[in-house]
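To start, the structure under review is shown below, and the notes come after it.
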Amino acid sequence: MCRAGERRGLRAGDETANLPQSGGDGRQARGGREGTRPQQLRRSKTMETIGFIGLGIMGAPMAGHLLDAGYTVVASDHRSKPPADLTAKGLKSVTGHNAVAKAADIIITMVPDTPQVADVLFGESGVAAGLSKGKLVIDMSSISPIATKEFAKKINDLGCDYLDAPVSGGEVGAKAASLTIMVGGEEKAFERARPVFEKMGKNITLVGPNGVGQTTKVANQIVVALTIEAVGEALVFASKAGADPAKVRQALMGGLAASRILEVHGERMIKRTFAPGFRIELHQKDLNLALEGAKALGVSLPNTSTTQQLFNSCAANGGAKEDHSALVRALERMAGHDVA
């Protein structure tokens, strides 16, 4: 797609000099890249430039799919250099989140928690400082629905659209471009973003106005956490009773108990592969959002509260950065027996 000289990203001090300057209407400035192939030039006139902030476990493969699809993708070297494999695919690097916003038509954020989103958007050299009318900001992080509504209003006041579009599917889904994407915002902004979402996910739903995407993600995390806990309980019970947990899991996969979590995380529990796809500390954050929301709404979430205590136990025993399937360790400690 890109020449070798373009794959290295921008040199320090180049900022956005070699990037197409976006006016927010999806079209790039004339001139393009010297030596651009005709097919690539046609794409640059029709495909919007994407700014991507947050190239972690999830964000890096998501940005990679956009590059593979032919999008120009711009990232910030605010704290660290972008991954080398993405730079090799043509990822452009600038200094400052505001520079990303200036260079892109659509700006995606994918960071751990509400304070990080607030800093990326509105902190010093934040995205808001680089926005011009007509651009679209998409937050794909999992954060507070209440804060999301405030962020959306601030971005709207700058003449730009805002979507909250958290995802489910973990590292596996990010790498396979099979993420579930739950979107809150205006329909026109959703339709503009749909081609971008389709390069990263499969089940893409506009569920309501700003904030409802994040509310849906909190509901998703309740289901995921409680199902992980149920799978953990079942495998600890079966194993301590003398059954082969691998064969028990195989049998359960053919019945009503079958689930994606039993398939993927049940196998992790048996094989003890707890390197993170999704860290326990992040799931703790999501369940905190659920419990805080429940308190505000006057709703009781007893099993969510219990599962959070099990995550807390794992974190207290040094497992905060393990995959959330390692919740089974808390159950194993209480049983005095490991699944494996």
Is any side-chain heavy atom of [X] closer than 4.5 Å to a side-chain heavy atom of [Y]?
{"X": "N312", "Y": "Q309", "value": "yes"}
{"X": "C314", "Y": "R333", "value": "yes"}
{"X": "K92", "Y": "T49", "value": "no"}
{"X": "V172", "Y": "R260", "value": "yes"}
{"X": "M334", "Y": "L310", "value": "yes"}
{"X": "R249", "Y": "I270", "value": "yes"}
{"X": "V328", "Y": "F274", "value": "yes"}
{"X": "F197", "Y": "M140", "value": "yes"}

Counting only heavy atoms not in [X], do more than 12 sit closer than 6.0 Å to its [atom1] atom?
{"X": "I146", "atom1": "CD1", "value": "no"}
{"X": "K175", "atom1": "NZ", "value": "no"}
{"X": "E198", "atom1": "CD", "value": "yes"}
{"X": "E124", "atom1": "CD", "value": "no"}
{"X": "Q284", "atom1": "CD", "value": "yes"}

Determine whether [X] and [Y] fall in the same hydrophobic cluster, where Ile, Leu, Val, Met, Phe, Trp and Tyr are linked whenever their side-chain heavy atoms lie under 4.5 Å apart.
{"X": "F311", "Y": "F278", "answer": "no"}
{"X": "M110", "Y": "L67", "answer": "yes"}
{"X": "M200", "Y": "M182", "answer": "no"}
{"X": "L179", "Y": "F190", "answer": "yes"}
{"X": "I106", "Y": "L55", "answer": "yes"}

Without swapping roles, check the side chain of [X] against the backbone of [Y] for a donor-acceptor pair under 3.5 Å.
{"X": "T273", "Y": "M269", "answer": "no"}
{"X": "Q214", "Y": "I143", "answer": "yes"}
{"X": "K154", "Y": "A128", "answer": "no"}
{"X": "T227", "Y": "I261", "answer": "no"}
{"X": "K135", "Y": "A101", "answer": "yes"}
{"X": "S141", "Y": "V111", "answer": "yes"}
{"X": "N210", "Y": "Y162", "answer": "yes"}
{"X": "T148", "Y": "G211", "answer": "no"}
{"X": "S305", "Y": "L301", "answer": "no"}
{"X": "E233", "Y": "A230", "answer": "no"}

| task | Could you tell me whether K199 sits above the aromatic face of Y71, with NZ or CZ closer than 6.0 angstrom to the six-membered ring centre and within 45 degrees of the axis? | result |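 No.
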
Salt-bridged, [X] to [Y], with N to O below 4.0 Å?
{"X": "K217", "Y": "D164", "value": "no"}
{"X": "K153", "Y": "E150", "value": "no"}
{"X": "R279", "Y": "E281", "value": "yes"}
{"X": "R194", "Y": "E191", "value": "yes"}

With rounding to the nearest 0.5 Å, note down the distance linking [atom1] in [X] to [atom2] in [Y].
{"X": "N98", "Y": "I107", "atom1": "CG", "atom2": "CD1", "value": "11.0 Å"}
{"X": "N288", "Y": "Q221", "atom1": "CG", "atom2": "CD", "value": "12.5 Å"}
{"X": "I280", "Y": "D323", "atom1": "CD1", "atom2": "CG", "value": "7.5 Å"}
{"X": "I155", "Y": "L163", "atom1": "CD1", "atom2": "CG", "value": "11.5 Å"}
{"X": "K149", "Y": "N156", "atom1": "NZ", "atom2": "CG", "value": "13.5 Å"}
{"X": "L66", "Y": "K89", "atom1": "CG", "atom2": "NZ", "value": "10.0 Å"}

| field | H97/T109 under side chain to side chain contact (heavy atoms under 4.5 Å, CB included): CA gap, chis, key distance, verdict | value | CA-CA 10 Å; H97 302 320; T109 57; over 6 Å; no

| message | What verdict does the side-chain hydrogen bond (donor to acceptor under 3.5 Å, both in side chains) test give for S168 and N220, after you've listed the backbone C-alpha separation in whole Å, the side-chain angles of each residue and the deciding distance to 0.1 Å? | response | CA-CA 8 Å; S168 180; N220 177 85; 3.2 Å; yes

| message | Taking salt bridge (charged side-chain N to carboxylate O under 4.0 Å, His left out) as the criterion, tell me which of E267, E322, E332 meets it with R272. | response |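 Passing option: E332.
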
| request: Return the orientation label for the F151 and F122 ring planes: parallel under 30°, perpendicular over 60°, tilted otherwise. | output: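 Tilted, since the angle between the ring planes falls between 30° and 60°.
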
| task | Applying side chain to side chain contact (heavy atoms under 4.5 Å, CB included), run through L327 and E229 and close with a yes or a no. | result | CA-CA 7 Å; L327 172 71; E229 196 277 339; 3.6 Å; yes

| field | Single hit among P166, S144, P145 for side-chain contact (heavy atoms from CB on, under 4.5 Å) with T215 | value |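 By the side-chain contact (heavy atoms from CB on, under 4.5 Å) criterion, T215 pairs with just one of P166, S144, P145: P145.
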
| Partner of L121 by side-chain contact (heavy atoms from CB on, under 4.5 Å), out of V127, D139, L131 |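 Testing L121 for a side-chain contact (heavy atoms from CB on, under 4.5 Å) against V127, D139, L131 leaves exactly one candidate, V127.
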
| Where do I228 and S325 come nearest, in terms of heavy atoms and distance? |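 Reported closest heavy-atom pair: CG2-CA, 4.2 Å.
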
| Any idea which heavy atoms bring L91 and P82 closest together, and the distance? |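 Nearest pair, atom of L91 first, then P82: CD2-CB, 3.3 Å.
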
| said: Between K102 and V74, is the side chain to side chain contact (heavy atoms under 4.5 Å, CB included) condition met? List the steps. | reply: CA-CA 10 Å; K102 288 178 182 178; V74 185; over 6 Å; no

